[in-house]
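Here's the structure, in structure tokens; my notes come after.
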Amino acid sequence: MTQASRDWWRDAVIYQVYIRSFADGNGDGEGDIAGLRERLPYVRDLGIDALWINPWYPSPLNDGGYDVADFRDIDPRFGDLVQAKSLLDEAHGLGLKVLLDIVPNHSSWDHRWFREALAAGPGSPERARYIFRDGRGPDGALPPNNWRSVFGGLAWERVTEPDGTPGQWYFHIFDVSQPDFDWENPEVRAEFLDILRFWFDLGVDGFRIDVAHGMVKNMAGPDLPYDESGLLDRPSIADHPFFDRDGVHDIYRGWREVADSYDPPRLYVAEAWVEPAERLARYLRDDELHSAFNFGYLKSAWTAADLRRSIDDSVSTLASVGAPATWVLENHDVERVVTRYGRDVTAAGTGHAGKAKGPVDVELGTRRARAAALLMLALPGGAYVYQGQELGLPEVLDLPEGSLQDPVWERSGHTERGRDGCRVPLPWSVSGSSYGFGSGGAWLPQPAGWGELSVEAEDGDPASMLSLYRDGLRLRRSIPSVEPLTWIDETADDVVAFQRGRGFACVVNLGATPSTLPAHREVILASGPLDADGRLPTDTAVWLAV
């Protein structure tokens with residue numbers, strides 16, 4: 001195996017599969033492994049290098065599968081380990097790598113370990129796997145401190161002891177059904193090393209690490225001065241007690257040894273909401289993780305200044321540790337980009353999807369999303385495409401309240417709708433009860449007219465978002481991957497323009513008026529038609545041979 005093939009991830013495009021909403025193979029209304037296996041050729045033909053599959057482990061689905069009850073099995077809703085192995089083999093046969101999600105910060109309260117902890121009582125080895133503390137005040141009736149869950153409400157829940165009396169409190173950064181592990185416990189550390197090996201031995205090519213900046217806590221830390229810290233927020237204080245603590249790096253050095261013991265080595269991708277970029281770079285040193293999601297770029301406003309600043313910061317800072325930048329516009333936790341870019345305020349807000357307010361111009365958002373796609377795919381490094389992004393799906397903002405399942409909805413007292421709007425099952429066909437998602441409806445209601453954005457509707461239409469992504473992903477392979485980015489300075493301030501090597505340039509007009517293109521030999525690909533005089537319209541991107 002060549003070094004280039006071992007380092008495939010450095011410029012790969014990875015397609016995120018939210019399995020519950022991708023394709024339903026057995027007709028029960030929920031996506032599954034059978035549906036994914038059937039649609040693997042679609043992903044291959046899109047021009048993707050790898051899949052990242054959101055959690056498919058046994059789970060009560062209180063948080064969309066991120067409340068894991070068993071880290072070494074498949075939820076029966078989605079299939080079983082035999083089907084998982086077949087999926088891996090079939091994906092590899094099509095030239096696709098497969099990454100899974102791993103959730104090391106917490107488990108489900110249905111996990112065997114947590115049930116044992118509740119039964120064993122205070123001071124037991126079973127409770128030492130999690131973070132249990134005595135309460136404050138008379139009879140321990142007050143939580144140990146004022147720390148809050150990023151889903152809203154207290155980050156502490158009091159338990160009833162085996163004898164029926166009110167007892168200790170356990171800590172949960174997220175939902176009450178997701179108790180946090182105590183990573184100071186050697187048993188927890190050993191358990192996850194074994195989990196990694198289990199899936200690597202099955203054939204998994206790597207992991208996306210959920211909340212990679214969590215895990216290590218300073219439980220002696222003080223009460224926090226809330227300013228509503230949320231999942232997407234930069235910690236509001238220095239030396240935050242449960243985010244981005246230095247101890248996580250020792251954990252990842254051990255994980256890297258496991259990954260490097262395989263041939264070819266396995267891959268780790270960090271979900272780390274960490275700022276500034278210098279802090280994120282520490283996760284990507286050559287003995288830790290391989291790459292990380294670029295949330296600074298995702299959150300950038302649709303302005304030339306904001307995008308240039310984010311691109312410069314990402315490329316230069318990550319290069320200092322030899323890591324590639326990655327680029328991402330959407331995922332299962334944030335508002336879809338067609339909707340976000342159709343608002344007056346285009347920067348991604350903090351917290352969970354659904355916090356953005358104001359009217360949406362879908363036509364404007366779609367035009368900008370097309371331009372953003374070409375910009376993202378032209379940048380050096382890797383990129384992520386969230387399922388449905390290639391179809392131009394908007395956020396579903398009007399889901400009936402009775403259908404909402406995100407714990408944010410309940411824990412916010414029904415003031416924040418949460419992330420369900422970006423998780424609505426995909427439309428594959430123009431018509432049908434679930435637009436081709438499956439034969440038994442869909443677990444979240446799909447909007448009327450969803451079929452107009454389906455794969456069937458867009459397939460073969462040269463003006464569709466799907467065709468743009470297919471063309472962009474195909475042509476991207478001819479961009480010199482090792483060539484750095486060089487800004488083209490002679491363009492207007494509201495234009496983003498750069499070259500990669502001597503032959504390729506990307507230009508994006510984010511201004512209010514058409515822009516003159518730099519000298520070029522030909523237009524390779526454009527997100528929309530150019531003006532009759534050859535100028536680049538507003539909210540349009542173009543790839544040039546120069």
Side-chain angles (χ1 to χ4, degrees), residues 57-71 103-192 211 214-226 228-231 240-243 245 247 405-415:
Y57 314 106
S59 168
L61 294 182
N62 289 317
D63 182 23
Y66 285 90
D67 47 324
V68 179
D70 185 344
F71 289 89
V103 190
N105 180 74
H106 52 263
S107 75
S108 166
W109 59 10
D110 284 354
H111 192 284
R112 173 177 61 85
W113 273 12
F114 192 70
R115 295 198 306 268
E116 291 172 352
L118 294 180
S124 64
E126 290 82 0
R127 284 213 176 170
R129 297 163 174 163
Y130 293 90
I131 300 173
F132 280 86
R133 295 292 185 271
D134 294 332
R136 295 185 293 187
D139 300 320
L142 299 176
N145 57 40
N146 77 333
W147 297 353
R148 299 191 64 185
S149 160
V150 298
F151 286 167
L154 284 173
W156 294 96
E157 182 73 10
R158 198 174 194 189
V159 304
T160 299
E161 299 298 353
D163 64 3
T165 61
Q168 290 187 304
W169 298 72
Y170 67 87
F171 183 66
H172 56 93
I173 293 179
F174 299 99
D175 188 57
V176 64
S177 65
Q178 296 165 288
D180 281 32
F181 288 116
D182 187 344
W183 274 85
E184 299 302 318
N185 187 327
E187 188 178 4
V188 172
R189 298 192 178 214
E191 171 72 356
F192 273 88
V211 198
M215 298 150 73
V216 173
K217 285 94 175 172
N218 174 19
M219 299 310 298
D223 281 359
L224 292 178
Y226 279 103
E228 295 303 313
S229 182
L231 179 62
H240 197 284
F242 53 84
F243 284 139
R245 298 196 63 79
Q405 300 190 29
D406 193 326
V408 173
W409 173 242
E410 291 297 331
R411 292 189 65 83
S412 68
H414 296 178
T415 61

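As the structure is a prediction and not an experimental result, all values here were calculated from the model.
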A side-chain contact here means heavy atoms from C-beta on lying under 4.5 Å apart; do Ser108 and Ser177 qualify?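 No - every pair of side-chain heavy atoms lies 4.5 Å or more apart.
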Could you grab the distance from atom [atom1] of [X] to atom [atom2] of [Y], nearest 0.5 Å is fine?
X: Glu410; Y: Asp175; atom1: CD; atom2: CG; result: 10.0 Å
X: Glu126; Y: Glu187; atom1: CD; atom2: CD; result: 8.5 Å
X: Arg129; Y: Ser124; atom1: CZ; atom2: OG; result: 8.5 Å
X: Arg148; Y: Leu154; atom1: CZ; atom2: CG; result: 7.5 Å
X: Leu142; Y: Arg158; atom1: CG; atom2: CZ; result: 8.5 Å
X: Phe174; Y: Asp180; atom1: CZ; atom2: CG; result: 7.5 Å

Using the rule side-chain hydrogen bond (donor to acceptor under 3.5 Å, both in side chains), only one of Asp67, Asp63, Asn62 pairs with Gln178; which is it?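 Only one option passes, and that is Asp63.
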Under the criterion side-chain contact (heavy atoms from CB on, under 4.5 Å), I'd like the reasoning laid out for Leu118 against Trp109: C-alpha separation, chi angles, the key distance, then a yes or no. CA-CA 10 Å; Leu118 294 180; Trp109 59 10; over 6 Å; no
Report the C-alpha separation of Asp223 and Asn145 in whole Å, then their side-chain angles, then the decisive distance to 0.1 Å, and conclude whether the side chain to side chain donor-acceptor pair (under 3.5 Å) test is met. CA-CA 6 Å; Asp223 281 359; Asn145 57 40; 5.2 Å; no
If you take all heavy atoms of [X] and [Y], which pair is closest and at what distance?
X: Phe151; Y: Pro407; result: CE1-CG, 3.6 Å
X: Asn218; Y: Trp147; result: O-CH2, 3.2 Å
X: Trp113; Y: Val188; result: CZ3-CG2, 4.1 Å
X: Pro144; Y: Asp134; result: CG-O, 3.6 Å

Could you tell me whether the side chain of [X] and the main chain of [Y] form a donor-acceptor pair under 3.5 Å?
X: Glu161; Y: Gln168; answer: yes
X: Trp169; Y: Arg136; answer: no
X: Thr160; Y: Thr165; answer: no
X: Asn185; Y: Ala128; answer: yes

Can you list the steps and then say if Glu184 with Arg245 is a salt bridge (charged side-chain N to carboxylate O under 4.0 Å, His left out)? CA-CA 13 Å; Glu184 299 302 318; Arg245 298 196 63 79; over 6 Å; no
Using 30° and 60° as the class boundaries, would you call the ring planes of [X] and [Y] parallel, tilted or perpendicular?
X: Phe132; Y: Phe114; value: parallel
X: Phe181; Y: Tyr130; value: parallel
X: Phe242; Y: His240; value: perpendicular

I'd like to know whether Glu191 forms a side-chain contact (heavy atoms from CB on, under 4.5 Å) with Phe71, so could you lay out the CA-CA distance, the side-chain angles of the two residues, the decisive distance to 0.1 Å, and finally the verdict. CA-CA 10 Å; Glu191 171 72 356; Phe71 289 89; 5.7 Å; no
Could you check His414 against Trp409 for side-chain contact (heavy atoms from CB on, under 4.5 Å), going step by step and ending with a plain yes or no? CA-CA 5 Å; His414 296 178; Trp409 173 242; 3.4 Å; yes
Considering the options Glu157, His106, Lys217, Arg133, which one meets the side chain to side chain contact (heavy atoms under 4.5 Å, CB included) requirement together with Phe171?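 Per the side chain to side chain contact (heavy atoms under 4.5 Å, CB included) rule, the option paired with Phe171 is Lys217, out of Glu157, His106, Lys217, Arg133.
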Start with the C-alpha distance between Phe243 and Ile173, add both sets of side-chain angles, then the distance that settles side-chain contact (heavy atoms from CB on, under 4.5 Å), and finish with yes or no. CA-CA 10 Å; Phe243 284 139; Ile173 293 179; 4.1 Å; yes
